[in-house]
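Single-structure report; data block below.
Just so you know, ligand 1 is whichever comes first in the structure, and atom 1 is the first atom listed for that ligand. Residues take their numbers from the sequence shown, with the count starting at 1.
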Amino acid sequence: MMRQDFHRIDPKRRAVLDHKKKQFAAPSFKQQDYPHRLNFYDVPPTAEITLEEFEQWAIDRLKVLAEIEACSYRNKSPQETEAHIAPVLKKYLNLSSNSSASGGVVNQQLKNERQKDHYSHFILRLAFSATEELRHRFVRAETMLFKFRFQKDDSKERRAFIESLNLNWEPVSDEEKSELAEQLVTSTPGLRRADDESWFKVDWEKVPELIERRAVFIRKGKAYVPQREQLSMIVADFTARLEKAMELTSRALPRLDEDDRLTPILNHLSKNFGSAESVYSEGEGVVDGAPITAASIDPLSQHFPLCMRSLHMTLRKNNHLKHFGRLQYSLFLKGIGLSLDECILFWRQSFKGFSDDEFNSKYKYNIRHVYGDVGGDANRRGRGYPPYSCQKILSESAPSTGQTHGCPYRHFSVDNLTALLQSTGVHDKDLLRGVREDVEKQRYHIACNRVFEWTHKADIKRVKEDGSWNQADLDTIVHPNTYFKRSYLLKTSGKPSKETA
Ligand code: SF4
């Protein structure tokens, strides 16, 4: 089913497909059988899928890649990364092994999973091939994903997959092994006897990492690689192929510009790497049964992310907020479930120095507009506009002097950010240092997640230990309303519900 946020693609445009503009001339249909769980993505997909599948599959993969990238940014160990990624992968991009199917036969469910994996990879190739930076990030995250899956694969199926790649690895015979035993042992760190390993020969250019580490014996242009280094070789090969393919895709991109259907989707996807706003649907920030009224905003503000907390503090200090601050904050309040009447009451009570007439004529209309009570296009009537995601706040309309909207991690000076964090009770030196480093590297939402994890440390530990939340319920926050909802539920011992449903 289409998600609400897909409405950004004008539905009328979907219906009017100009078949002359079809890309990739003569896409002959080719049935793919997907005999292996793993994929080197050498063969592009050519079967037809719907536009909804095109977008949804890409969004699901993006979610996985964003989590992988977040783990690496936060320096999580391989074990922590594995614990974090496994449930996310299961939820968004599961790949079952052949042995899990009855009789070990690739059935329709396995094919569907593998098709989604295959297609989503190629869709994101298109979305992320435009700039060198995006290509680099995509290749890095995809390589980590491949490595993770490779290590988890059933050993028999992994062997069959490797054989299917025709990698041109030449096994070293027993005679050659004995002849070179001494050199093999001296050139391979940690090895006592050449007989303890099986070896194969490859062109030395294929193992730059082993050569750099001086961990391989070379003779006549061939590197003698022990079996245990197989993983790093396969992964290096995967990366090299993908890098090359991304270069080629980037050259083909201009031809895609004319496609009215795909270009807006691809542009949207490429903007959201790392903070995939597409995973947030309107209405999911609401906490069912929570008392959200004008009078409860003050106590609830302890659960707000720094962007909204800063707006709330400024509002309380000045009894006023400028236009973009009001807009950002009203949308957020709507997103947590504050009704229109309560929102008007909240602003009325907050703007202390204004008469009713002034308030009604200057401010009330805008609040009603946010809720879709007046104005706006027909699509938005009655619903208004969705609350801003981190991506939108981070990338659009930076505040100028005197304005308080935006994201403090991005738009405040380091000193002002530190002072703001300290005023909310965050004093830990290591945490503040981590935040500073994140901000220097422009990883603003990572800094925000770091603060969230620190301020909710005890609650996160509790819900993990009692099993009421799983790792997927604690994925990286990329939306202020998710921040609020998760904080509120953790502090009130609530269960994650719609947020991760
Ligand atoms: Fe708000 Fe997102 Fe910035 Fe956090 S990262 S302060 S939630 S905009």
Q.
Give me each pair satisfying salt bridge (Lys or Arg N to Asp or Glu O under 4.0 Å) with a member in residues 296-306, each pair once, sequence neighbours excluded.
A. D298-R316
Q. How would you list all residue pairs meeting salt bridge (Lys or Arg N to Asp or Glu O under 4.0 Å) that involve residues 435-444, not counting sequence neighbours?
A. D438-R450
For residues 235-245, please give each side-chain donor-acceptor pair under 3.5 Å, one per line with the distance, not counting sequence neighbours.
from, atom 1, to, atom 2, distance (Å)
D237, OD2, R241, NE, 3.4
D237, OD2, R241, NH2, 3.2
T239, OG1, T143, OG1, 3.3
T239, OG1, V235, O, 2.9
R241, NH1, D42, OD2, 2.5

Q. Is the NZ or CZ atom of K392 both under 6.0 Å from the centre of the six-membered ring of Y388 and within 45° of that ring's axis?
A.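 Yes, a cation-pi geometry holds between K392 and Y388.
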Q) Is R348 positioned over the aromatic face of F359, cation under 6.0 angstrom from the ring centre and no more than 45 degrees off axis? A)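 Because its charged atom sits under 6.0 Å from the ring centre and within 45° of the axis, R348 does stack over F359.
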Q. Only one of C407, C448, S389, C307 clears side chain to side chain contact (heavy atoms under 4.5 Å, CB included) with L394; which?
A.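 Of the listed residues C407, C448, S389, C307, the side chain to side chain contact (heavy atoms under 4.5 Å, CB included) partner of L394 is C407.
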Q) Using a distance threshold of 2.8 Å, what protein N/O/S atoms lie below it relative to atom 1 (Fe) of ligand 1? A) C307 SG
